[in-house]
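Worth saying up front: this structure is predicted, and the values here are computed from it rather than measured.
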Amino acid sequence: ALYFRRKTMILLKEKEREKQLVREMTIVFAKCIDMKDAYTNGHSARVAKYSVMLARQLGKSEDEVNDIRNIALLHDIGKISIPDSILNKPGRLTDEEFAIMRSHSQRGYDILKEIKIAPDLAIGAGFHHERLDGRGYPRCLKGDEIPEIARIIAVADTIKEDSARAIGELKGMGIKVVMLMSMFAW
């Protein structure tokens, strides 16, 4: 019995180390994504923070919350394929440039779909700009056609760090209300 206890403890420690490695690698990749886009530096971490808050309010388990954090951290990975001249353009984008910018969702999906063990990574990146009314992109999905993880990230993506009103709503009214308000305000 002592042998099995020790072996179990070793396996549990290895599992925790693997989780830590995934968490730290995800944070590093998110920093790389944000460094490429000077305008939104730190954006991925903020979206992850609010996604975690939303996930907890929705009653997700801690394992699900951790997965959602990682997915949110990588939701804009497709931006690495957008030319710097478009991504960091100080003025208004042309229609052609805007179409290229919008392609980051599909490109993120295409990058992350190769991770077969965690398909929600690709889903979060690919569908986080869909809107309940069907006017989002890249696939113009509506309502429940939009995967839950993408809806969580989409709502978190709309909350601005410097918005005192949004922060107050998160703390005072409960995230479910904010989530519903954000979804219908798109």
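- With salt bridges taken as basic N to acidic carboxylate O contacts below 4.0 Å, none links D157 and R151.
- Within 6.0 Å of the NZ atom in K142, the count of heavy atoms belonging to other residues, nucleotides or ligands does not exceed 12.
- S85 meets the side chain to side chain contact (heavy atoms under 4.5 Å, CB included) test with P83; sequence neighbours excluded.
- Within 6.0 Å of CG on L2 lie more than 12 heavy atoms contributed by other residues, nucleotides or ligands.
- Proximity of T8 to L12: side-chain heavy atoms (C-beta onward) are separated by under 4.5 Å at one or more points.
- Annotation: the span from N70 atom CG to M25 atom CE amounts to 11.0 Å, rounded to 0.5 Å.
- In this structure the side chain of I10 never reaches within 4.5 angstrom of the side chain of R5, judged on heavy atoms.
- Side-chain contact check for L58 versus I152: some heavy-atom pair is nearer than 4.5 Å.
- Annotation: side chain of K60 is in contact with side chain of E148 (closest heavy-atom distance under 4.5 Å).
- With rounding to the nearest 0.5 angstrom, the NE2 atom of H129 is 3.5 Å from the OH atom of Y137.
- The two residues S61 and E64 make their nearest non-hydrogen contact at N-OE1, 2.8 Å.
- For residues 74-93, the set of pairs meeting the ring-ring contact (aromatic ring centres under 6.0 Å, His included) definition, not counting sequence neighbours, comprises H43-H75, H75-H128.
- If you chain together ILVMFWY residues whose side-chain heavy atoms come under 4.5 Å of each other, I82 ends up grouped with I86, L87, L93, F98, I100, M101.
- Applying the ring-ring contact (aromatic ring centres under 6.0 Å, His included) test to every pair with at least one member in residues 3-29, sequence neighbours left out, gives no pairs at all.
- Residues forming a side-chain hydrogen bond (donor to acceptor under 3.5 Å, both in side chains) with K113 (at least two apart in sequence, or on another chain): none.
- The environment of K116 atom NZ is dense: over 12 non-hydrogen atoms of other residues, nucleotides or ligands sit within 6.0 angstrom.
- Residues passing the side-chain hydrogen bond (donor to acceptor under 3.5 Å, both in side chains) test with S103, sequence neighbours excluded: R107.
- The minimum heavy-atom distance between G108 and I77, with the atom names listed, is CA-CG2, 3.7 Å.
- Between K19 and V22 the shortest side-chain heavy-atom distance does not fall below 4.5 Å.
- Annotation for G134 and C140: closest pair O-CB, 3.3 Å, computed over non-hydrogen atoms.
- No path of Ile, Leu, Val, Met, Phe, Trp and Tyr side chains, each step under 4.5 Å between heavy atoms, connects M53 with L73, placing them in separate hydrophobic clusters.
- If you take CD1 on I111 and NE2 on H104, they are separated by 10.5 Å, rounding to the nearest 0.5 Å.
- Summarising the hydrophobic clusters (Ile, Leu, Val, Met, Phe, Trp, Tyr; side-chain heavy atoms under 4.5 Å, direct or chained), the residues clustered with V65 are V52.
- Judged as a side-chain hydrogen bond (donor to acceptor under 3.5 Å, both in side chains), the pairs with a partner in residues 24-36 (not counting sequence neighbours) are, in order, Q20-E24, D34-S44, K36-D84.
- Taking each heavy atom of Y109 and G126 in turn, the nearest pair found is CB-CA, 3.7 Å.
- Side-chain contact between Q106 and R139 is present, with heavy atoms from C-beta onward closer than 4.5 Å.
- Scanning for side chain to side chain contact (heavy atoms under 4.5 Å, CB included) contacts around A125 gives L112, with sequence neighbours left out.
- Clustering of Ile, Leu, Val, Met, Phe, Trp and Tyr side chains at separations under 4.5 Å leaves L11 isolated, with no partner residue.
- Linking Ile, Leu, Val, Met, Phe, Trp and Tyr whenever their side-chain heavy atoms come within less than 4.5 Å puts L141 and V155 in one cluster.
- One finds the CD1 atom of I159 at 10.0 Å from the NZ atom of K49 (value rounded to the nearest 0.5 Å).
- Evaluation of the salt bridge (Lys or Arg N to Asp or Glu O under 4.0 Å) rule for R56 yields E62 as partners, not counting sequence neighbours.
- A salt bridge is absent between E97 and R102; no separation between the charged side-chain nitrogens and carboxylate oxygens falls under 4.0 Å.
- Partners of D67 according to the salt bridge (Lys or Arg N to Asp or Glu O under 4.0 Å) rule, which considers only residues two or more places apart in sequence or in another chain, do not exist here.
- Separating the OG atom in S51 from the CD1 atom in I149 is a distance of 6.5 Å, to the nearest 0.5 Å.
- For the atom pair CG of L121 and CD1 of I115, the computed distance is 5.0 Å after rounding to the nearest 0.5 Å.
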